[in-house]
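Shown next, in structure tokens, is the structure this report addresses.
Just so it is clear: chains get the letters A, B, ... in the order the sequence lines come, proteins before strands, and each one is counted from 1. The shown structure was predicted, so the numbers you read here are calculated from the model rather than taken from an experiment.
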Number of protein chains: 2
Amino acid sequence: MRTPEVQQRIESRLLSALRQAGLRLTLQRRAICRFLAQSEDHPTAQDIYRALKPQYPSLSLATVYNTLDALVRLGAVHRLGEAGDDAAHYDADISPHINLACIRCHRVVDFPLPDVARLEDVVRQASGYRILGARMVYYGLCPECQQALNQEAQPTAAASE
Amino acid sequence: MRTPEVQQRIESRLLSALRQAGLRLTLQRRAICRFLAQSEDHPTAQDIYRALKPQYPSLSLATVYNTLDALVRLGAVHRLGEAGDDAAHYDADISPHINLACIRCHRVVDFPLPDVARLEDVVRQASGYRILGARMVYYGLCPECQQALNQEAQPTAAASE
DNA sequence: TCCAAACTTAGAAGCATTCCAAATAAGAGA
DNA sequence: TCTCTTATTTGGAATGCTTCTAAGTTTGGA
């Protein structure tokens, strides 16, 4: 559960990014930023659209894509492509943290990341990049999928229980 | 430039992964694995298809997708979604390394990663994941795009040169 | 050599994402 | 507060990546 303080901080950061880029803070953009700040998982454009449509009946899917695109271009939001489903997922938490991506069930869960400040400095100086955000991705099998794979391999032993 | 030894190692690893999974090593799959092992950048399915079509005229795009999907499911290849263009990119180098993703020009370049073995152990033990590969993603602006943005901001100063 | 299962192929279908033109709303200035 | 300019929203069409399907082909074992 993301604490209200964290939500508030993320929402403010997203709105600031839009404002500083000279973009207008429309009702729709505010709603999308608020939703991104609140959601713990990594929603797709469709997820956001479906969640906000009831409260904002005029909302268009194109607007969701436009806003997400603007936020990604500003570096305020990350676009994730590890999920096996074809839709892009978005993450408003751009602080260095680990994403654990299961290659079987395609879930992507967060994991706190120990200090990487030094690493970031090394990369910044050697590459010349202006670094806006970071993300460590480990690909693997989550505990549930490891168990499921074991049961698939020996189905009789488990079934005779 | 990827050294021939590295190419060979990657190609062998991909073929082994397919073999160990009980999948057949067809001519097409061998060609796709070889191409993945050789390409330094992060090709899309289309890139692979176009590159191999001349030499394998019967090759189908569906086969490319099937093979890539199999390799991703086996954890032998990573699917990247940071590129802003809509197609998924694939990376056969699953050793821990940094991807520098420019949010403006969408290029994704590799960067060698200092030792993260300790970090990986911490994550493995705390999460229960079976970790198959890792990738650090820094989002930011590459040197060229920083320069381009500066010129856009002060076009007259540069033009009066 | 023969067979069953796995694989490839081409094209159709599905769906995420982008594009477009008309309608609307934000924000600056009077 | 009112007006105006311009960015933005909207819905639907278009694009293009990816998946699906059925038929033909190939693989590897017996």
- Task: For A:Arg19, check salt bridge (charged side-chain N to carboxylate O under 4.0 Å, His left out) against everything at least two apart and list the hits.
- Result: none
- What is the distance from CG of A:Asp69 to P of C:dA16, rounded to the nearest Å? 17 Å
- Message: Just the rounded figure in Å: distance from C1' of D:dG16 to CZ of B:Arg50.
- Response: 12 Å
- Item | Residues in side chain to side chain donor-acceptor pair (under 3.5 Å) contact with A:Glu40, at least two apart in sequence or another chain | A:Arg2
- Note on the structure: On a heavy-atom basis, the closest approach of A:Phe111 and B:Val123 is CE2-CG2, 3.8 Å
- Query: Along nucleotides 6-15 of chain C, 5' to 3', which nucleotides get a B, which get an S, and which get a -, given that the test is a protein heavy-atom distance under 4.0 Å?
  - Reply: BSSBB-----
- Please report the shortest heavy-atom distance between A:Ala45 and A:Leu61, naming the atom on each side. O-CD1, 4.1 Å
- Please answer whether the main-chain N or O of A:Pro43 pairs with a side-chain N or O of A:Asp41 as donor and acceptor at a distance below 3.5 Å. no
- Could you tell me whether a side-chain N or O of B:Arg135 sits under 3.5 Å from a main-chain N or O of B:Asn99, the two making a donor and an acceptor? no
- Message: Rounding to an integer number of Å, can you tell me how far A:Arg30 CZ sits from C:dA25 P?
- Response: 15 Å
- Do you know the tightest heavy-atom contact between B:Ser127 and A:Pro143? O-CG, 3.5 Å
- A:Thr63 and A:Asn66: side chain donor to acceptor below 3.5 Å: no
- Side-chain donor or acceptor of A:Arg29 paired with backbone N/O of A:Arg24 under 3.5 Å: yes
Heteroatom pairs (N/O) under 3.5 angstrom, protein to nucleotides 28-30 of chain C:
none

- Kindly state each residue pair satisfying ring pair (Phe, Tyr, Trp, His ring centres under 6.0 Å) with at least one member in residues 58-80 of chain A, sequence neighbours excluded. A:His78-B:Tyr139
- Task: With axes from five pairs an end, tell me the bend angle of the helix from C:dT1-D:dA30 to C:dA30-D:dT1, nearest 10°.
- Result: 50°
- Task: Return no unless some side-chain N or O of A:Tyr65 is found under 4.0 Å from OP1 or OP2 of C:dT17.
- Result: yes
